[in-house]
**Student:** 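First the structure, then my questions, so here it is.
Nothing here was measured: the structure is a model prediction, and the numbers come from that model. Values below: all heavy atoms of this structure, side chains included; hydrogens, waters and symmetry mates excluded.
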Amino acid sequence: MASTPPVARWLALVTLLLMVALFTYERPEPPEVCPDPDRESDREQDANARIAVRVWPHSERERAELTALAHDVWSEHAGTELDLVLDPAGVMALRSRGIEFTELVPDVLGVAEQERERLRGVEAARPPAPGAWFSEYRDLETIHAYLEQLALVHPERAELRTIGHSLEGRPLQALRIHGAGSVGAHGDRSRRMFVNGGLHAREWISMMVTTCVADRLIRGYDEDPQLRRWVDEVELWVLPVANPDGYVHSWRRDRYWRKNRRAGHGVDLNRNFGLAWGGDGSSGKPASPIYRGTAPFSEPESAAIRSLMETERFDAHIDFHSYGQLVLHPWSHTRKRSSDHRRLRQGAEGIATAIAAEHGERYRLISGASLYPASGTLMDWAYGTQGVVSFVIELRPRGGTGFVLPPDQIAPTCDEGLAAVMSLHRASERPHG
Ligand code: 0X9
Ligand code: ZN
């Protein structure tokens, strides 16, 4: 065996020493910088922090770029504002690109945590004092028990029906409310209406408002002649929690959860209906907040609403959501005018006027697609395939803290919801009998 020449041995030793030095080298700590008053706050430094901001993109391209920065989209208005949830790096990106924005909620998770804390106290103080039920948000179990109680105490005008079950097997509970004139229903005298809340899990005010509307109509019947006349002429079905699995998840795990719970990623039920399914403003990606599912009505919750509407042949419908204070009319999937445009617009105007008469709050009228396109929605399917005069109402707030609305807003928002539902009477006149 030939021996290694001394120069080569020396070179090998130097290389080894260099490698050891390289691997053991530690980057020196950066020198302490003096606290900079303009420096991002500690909150913004925390990568897990979430900040809700409102931006006003100047172009479709900018809108898409800003949306790509976000963890979540809370609300959209085509051509104007866009409410996004960003992390601190996202906020820094806005700043460095000189993009104008306002902070809606500086600490999104903190707001949810505060609400949770408050509700823990409420939980401990159960059951609510009489008359205080609508002073606070209620979980699924409590809402369902309340609906049951209403039907039990007033069997002559309210009946509880299970219209189907959620993916995780929870009942979809609806109250059928009728007065003297509408008993037996399907008769000529009665108008047939359907309202639902809670298609989106995080929009808690919609579950509370629909429950409260049912409560006011059922319990107010004996004292209020105006209410009595209305209930006598109408058969109204109220489904407060259209997405019970999502609602439970929003209470227990993630306050800002929107979809149902399909395979953990969820399906946006308001993209799962069978009109223009798969079109603009819906996504084929399971992780998207507007994931449409694998097929129209792939989800038991939307399929149950389809069966109810096909069986009951309603004249009018409101799908309650939040937030933004808007009254939306068809279409949602296209900016083309519907053939009933004038009538739908008048109906929406009637709703907005009735709402404003309550507390002076203005709800803006706009067609769904003019707000932003959305395909496979309940409103479009109800109107387009069932001939139902159908609206979406985005309840309070206009911006504020978004989906986490202070509980003292439940009662006034319920006044607005009731006014909207009662104004449907006029909007529901069918053009062809
Ligand atoms: O996007 C939705 O499903 C609804 N808005 S929400 O913020 N509550 O999620 C609105 C659907 C109405 N249609 C259109 N905006 N096109
Ligand atoms: Zn919604």
**Student:** Between Arg202 (side chain only) and Ser322 (backbone N and O only), is there a donor and an acceptor less than 3.5 Å apart?
**Tutor:**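 No, the answer is negative, given that no donor and acceptor are paired below the 3.5 Å cut-off.
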**Student:** Is any NZ, NE, NH1 or NH2 atom of the basic residue among Arg335 and Asp280 found under 4.0 Å from an Asp or Glu carboxylate oxygen of the other?
**Tutor:**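 Here Arg335 does not pair with Asp280 in a salt bridge, since their nearest N and O are not under 4.0 Å apart.
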**Student:** Check whether Arg271 reaches the backbone of Ser283 with its side chain - one donor and one acceptor, N or O, closer than 3.5 Å.
**Tutor:**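 Checked: no pair found.
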**Student:** Judged by modelled atom types alone, do His200 and Asn270 share a side-chain donor-acceptor pair under 3.5 Å?
**Tutor:**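 No pair is found: no donor N or O on one side chain lies under 3.5 Å from an acceptor on the other.
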**Student:** Please determine whether side-chain contact (heavy atoms from CB on, under 4.5 Å) holds for the pair Leu140 and Gln173, giving the CA-CA distance in whole Å, both sets of side-chain angles, and the decisive distance to 0.1 Å.
**Tutor:** CA-CA 10 Å; Leu140 183 73; Gln173 300 286 61; over 6 Å; no
**Student:** Using only heavy-atom distances, determine whether the side chains of Tyr137 and Glu115 contain a donor-acceptor pair under 3.5 Å.
**Tutor:**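 There is no such pair (donor and acceptor under 3.5 Å, judged by atom type) between the side chains of Tyr137 and Glu115.
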**Student:** Can you find a pair of side-chain heavy atoms, one from Val73 and one from Tyr372, that are under 4.5 Å apart?
**Tutor:**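 A side-chain contact under 4.5 Å is absent here.
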**Student:** Measuring from Leu199:CG to Arg258:CZ, what's the distance to the nearest 0.5 Å?
**Tutor:**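 One finds 9.0 Å between CG of Leu199 and CZ of Arg258.
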**Student:** Just do the side-chain contact (heavy atoms from CB on, under 4.5 Å) check on Glu81 and Val55 with the steps written out, would you?
**Tutor:** CA-CA 6 Å; Glu81 70 230 39; Val55 289; over 6 Å; no
**Student:** How would you list, by chain and number, every residue that makes a ring-ring contact (aromatic ring centres under 6.0 Å, His included) with His77, sequence neighbours excluded?
**Tutor:**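 Not a single residue meets the ring-ring contact (aromatic ring centres under 6.0 Å, His included) criterion with His77.
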**Student:** Is it the case that the side chains of Asn272 and Ser298 hold a donor-acceptor pair, with the cut-off being a distance below 3.5 Å and no angle test?
**Tutor:**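 Their side chains do contain a donor-acceptor pair, which is all the 3.5 Å distance test asks for.
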**Student:** Do Phe320 and Val195 have side chains that approach each other closer than 4.5 Å (heavy atoms only, starting at C-beta)?
**Tutor:**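 Of all side-chain heavy-atom pairs linking Val195 with Phe320, at least one is under 4.5 Å.
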**Student:** Are His317 and Ser390 linked by a side-chain donor-acceptor pair shorter than 3.5 Å?
**Tutor:**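 On atom types as modelled, these side chains qualify, holding a pair under 3.5 Å.
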**Student:** When you compare the side chains of Arg345 and His329, does any donor N or O come within less than 3.5 Å of an acceptor on the partner?
**Tutor:**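 There is such a pair (donor and acceptor under 3.5 Å, judged by atom type) between the side chains of Arg345 and His329.
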**Student:** Is any side-chain heavy atom of Trp237 closer than 4.5 Å to one of Ile163?
**Tutor:**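 Sidechains of Trp237 and Ile163: in contact.
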**Student:** Above 12 or not: heavy atoms from other molecules or residues under 6.0 Å from CZ of Arg118?
**Tutor:**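 Atom CZ in Arg118 is crowded, with more than 12 foreign heavy atoms closer than 6.0 Å.
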**Student:** Does any non-hydrogen side-chain atom of Leu109 lie less than 4.5 Å from one of Arg50?
**Tutor:**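 When only atoms from C-beta onward are counted, Leu109 and Arg50 do touch, with a gap below 4.5 Å.
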**Student:** State the CD1-CG distance between Ile366 and Leu328, to the nearest 0.5 angstrom.
**Tutor:**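 So the gap between those two atoms works out to 7.5 Å.
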**Student:** Is there a side-chain contact between His71 and Pro289 in this structure, where contact means two heavy atoms from C-beta onward sitting under 4.5 Å apart?
**Tutor:**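 A side-chain contact under 4.5 Å is absent here.
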**Student:** Between the side chain of Arg228 and the main-chain N/O of Asp222, is any donor-acceptor distance below 3.5 Å?
**Tutor:**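 Yes; judged by distance alone, with no hydrogens or angles, the pair exists.
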**Student:** Look at the side chain of Arg138 and the backbone N and O of Trp133, then say whether any donor-acceptor pair between them is shorter than 3.5 Å.
**Tutor:**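 Judged by distance alone, yes, a pair lies under 3.5 Å.
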**Student:** Does CD in Glu117 sit with more than 12 non-hydrogen atoms of other residues, nucleotides or ligands closer than 6.0 Å?
**Tutor:**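 Atom CD in Glu117 is packed in, count exceeds 12.
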**Student:** Atom CZ of residue position Arg342 - does it have more than 12 heavy atoms of other residues, nucleotides or ligands inside 6.0 Å?
**Tutor:**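 No, CZ of Arg342 has 12 or fewer neighbouring heavy atoms, counting only those of other groups under 6.0 Å.
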**Student:** Can you check whether Gly246's main-chain N or O pairs, donor with acceptor, with Ser250's side chain at less than 3.5 Å?
**Tutor:**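 Side chain of Ser250 to backbone of Gly246, a donor-acceptor pair under 3.5 Å: no, none is there.
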**Student:** For the pair Arg262 and Asp245, find out whether any cationic side-chain nitrogen is under 4.0 Å from an anionic carboxylate oxygen.
**Tutor:**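 No.
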**Student:** Would one find more than 12 heavy atoms of other residues, nucleotides or ligands at under 6.0 Å from atom CZ of Arg97?
**Tutor:**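 Yes, because the 6.0 Å sphere around CZ of Arg97 holds more than 12 heavy atoms from other groups.
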**Student:** Using a strict 4.0 Å threshold on nitrogen-to-oxygen distance, state whether Arg54 and Asp83 make a salt bridge.
**Tutor:**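 Yes, Arg54 and Asp83 are salt-bridged.
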**Student:** Does any non-hydrogen side-chain atom of Met422 lie less than 4.5 Å from one of Leu227?
**Tutor:**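 Yes, at least one pair of side-chain atoms sits under 4.5 Å.
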**Student:** Check for me whether Arg255 meets the cation-pi criterion with Trp204, that is, NZ or CZ under 6.0 Å from the six-membered ring centre and within 45 degrees of the ring axis.
**Tutor:**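 Output yes; distance and angle both within limits.
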**Student:** Using side-chain contact (heavy atoms from CB on, under 4.5 Å), reason through Leu69 and Leu84 one step at a time and then give a plain yes or no.
**Tutor:** CA-CA 9 Å; Leu69 280 179; Leu84 301 173; 5.9 Å; no
**Student:** Take Gln409 and Ile205 through the side-chain contact (heavy atoms from CB on, under 4.5 Å) test and state the conclusion after the steps.
**Tutor:** CA-CA 9 Å; Gln409 297 286 299; Ile205 187 64; 5.5 Å; no
**Student:** Establish, yes or no, whether the cationic atom of Arg306 lies under 6.0 Å from the six-membered ring centre of Trp381 and within 45° of the ring axis.
**Tutor:**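 Judged by the rule (NZ or CZ under 6.0 Å from the ring centre, within 45° of its axis), Arg306 is not positioned above Trp381.
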**Student:** Roughly how far apart are Thr334 OG1 and Asp380 CG, rounded to 0.5 Å?
**Tutor:**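 Interatomic distance, Thr334 OG1 to Asp380 CG, rounded to 0.5 Å: 9.0 Å.
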**Student:** Between Glu233 and Arg191, is there a side-chain N and carboxylate O pair less than 4.0 Å apart?
**Tutor:**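 No.
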**Student:** Could you tell me if the side chain of Leu395 sits less than 4.5 Å from the side chain of Leu405, heavy atoms only?
**Tutor:**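 Of all side-chain heavy-atom pairs linking Leu395 with Leu405, none is under 4.5 Å.
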**Student:** Check whether any side-chain heavy atom of Leu66 lies under 4.5 Å from a side-chain heavy atom of Leu94, and answer yes or no.
**Tutor:**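 With C-beta onward as the side chain, the pair touches.
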**Student:** Can you confirm whether the side chains of His249 and Asn260 place a donor and an acceptor under 3.5 Å from each other?
**Tutor:**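 No, no side-chain donor-acceptor contact under 3.5 Å.
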**Student:** State the CD-CG distance between Glu299 and Leu269, to the nearest 0.5 angstrom.
**Tutor:**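 One finds 6.5 Å between CD of Glu299 and CG of Leu269.
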**Student:** Which residue is it: Glu361, His359, Glu416? I am looking for the one with a side chain to side chain donor-acceptor pair (under 3.5 Å) to Arg396.
**Tutor:**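 Per the side chain to side chain donor-acceptor pair (under 3.5 Å) rule, the option paired with Arg396 is Glu416, out of Glu361, His359, Glu416.
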**Student:** Indicate whether any N or O donor in one side chain lies under 3.5 Å from an N or O acceptor in the other, for Ser282 and Arg292.
**Tutor:**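 A pair is found: one side chain offers a donor N or O, the other an acceptor, under 3.5 Å apart.
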